[in-house]
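Residues: numbered from 1 along the sequence shown.
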Amino acid sequence: MSAPAPATPSGTADGPAADERLITRSPLKKLLGRPELGAVVGAVAVFLFFTFAADSFLQLSSLTTVLYAASTIGIMAVPVALLMIGGEFDLSTGVAVTSSALISSMFSYQMTANVWVGVGVSLLLTLAVGLFNGVLLTRTRLPSFIITLGTFLMLTGLNLGLTKLISGTVSTKSIADMEGFDSARAVFASTLTVGGVHIKITVLWWIALVAVATWILLRTRYGNWIFAAGGDADAARAVGVPVRATKIGLYLGVALGAWISGQHLLFSFDVVQSGEGVGNELIYIIAAVIGGCLITGGYGSAIGSAIGALIFGMTSKGIVYAEWNPDWFKFFLGAMLLLATLLNHWVRKRAEETA
């Protein structure tokens, strides 16, 4: 009896197929695979456009104003982007920022405590809102759109109702003369001078959050869990990914961003209007989408969200510097959203075809 012929490795007639793990991707393929590529192209286009459309756009004072406007959006856009990569939404982010500021202000004023006590209580309660969203989502399996829409409505009512009940008006009392106010303002709302250029501290908060979020996404196991949970939650569970804990953690991250933004709001203006923040949740989502995050989850980057926020800042301030009618701002924002989404879709499709 003859011995069976040895099995031959699959491959072409000229030799075995190469191990996929040893295949190196060209720089072009790597570039096309970056989620923030479309946002970079858009940012360059917007920058060049307003460079020619507005004479004062390139002044240092103008650019620092643009950075400040971008940072106030970017602080929230970063955790919102991570949440979207994880496959979920949060429609309560805008009013959660206001809630955080209101809690700090009213607790400090009513309890006549050090301002930092109110800041600490605000952190705990804001995180509790994020925990509520995350636990309710993972327990009920309801769409995050429905859950966070409910949270949005509840917080909107609480912000107005409690503020009027406690303060008698729709805004909080000033806490500028309370102990700890100056040190808290230095942390959350100060202005730094570097080489004669005035930079708001929110820019540093923004950069720090982008750096930490990028490290989490690209260098940690938790980052892999975020992509897996957003790409296919059921498949992720099947291979041992703690999807429930991952999504709860993402909502806590959004709450942390809301707390930082809320403290900046409070210590920038001393008082807070209870109706502020409504509609800002859409701006945070827009910045993340312009930055390359997919609505369906599983794709995006923190750097992309930062670029999306920068585009927002350049557009909002560029229109002012160009002395255009600001009524057109929302039109330009909507047009950028559509163009960025189409460009991101094209880039991702090209990356899949060349992979």
*To the nearest 0.5 Å, how far apart are CG in Leu142 and CG in Leu136?*
7.0 Å
*Single hit among Arg141, Lys247, Arg244 for salt bridge (charged side-chain N to carboxylate O under 4.0 Å, His left out) with Glu88*: Lys247
*Is it true that a side-chain atom of Tyr284 and a backbone atom of Gly94 form a donor plus acceptor pair closer than 3.5 Å?*
no
*Would you say the ring centroid of Phe50 lies under 6.0 angstrom from that of Tyr321?*
no
*So, for Ala81 and Ser301, which heavy atoms are closest and what is the spacing to 0.1 Å?*
CB-O, 4.3 Å
*Judged by atom type as modelled, is there a donor-acceptor pair below 3.5 Å linking the side chain of Ser190 to the main-chain atoms of Val187?*
no
*For Leu160, does its backbone N or O pair with a side-chain atom of Thr163 as donor and acceptor, under 3.5 Å?*
no
_Distance alone, cut at 3.5 Å: any donor-acceptor contact between the side chains of Ser92 and Thr151?_
no
*Under 3.5 Å, is there a donor-acceptor pair between the His198 and Thr191 side chains?*
no
*Minimum-distance pair of heavy atoms, taken over all atoms of Leu137 and Ile147*: CA-CD1, 3.3 Å
_Side chains of Thr172 and Ser105, donor plus acceptor under 3.5 Å_ = yes
*Could you verify whether a donor N or O on one side chain and an acceptor N or O on the other, from Ser100 and Ser122, lie under 3.5 Å apart?*
yes
_So which atom in Val243 and which in Ala233 form the shortest heavy-atom distance, rounded to 0.1 Å?_
CG2-O, 3.7 Å
_Shortest non-hydrogen separation from Ser274 to Thr98 and the atoms involved_ = O-CG2, 3.9 Å
*Between Trp215 and Thr220, is any side-chain donor less than 3.5 angstrom from a side-chain acceptor?*
no
*Looking only at side chains, do Thr148 and Asn133 share a donor and an acceptor under 3.5 Å apart?*
no
*Quick one: is the NZ or CZ of Lys173 closer than 6.0 Å to the six-membered ring centre of Tyr109, and within 45° of its axis?*
no
*Give a yes or no on this: more than 12 heavy atoms of other residues, nucleotides or ligands lie within 6.0 Å of atom CZ of Phe269.*
no
_N/O donor-acceptor pair under 3.5 Å between Glu281 side chain and Gly279 backbone_ = yes
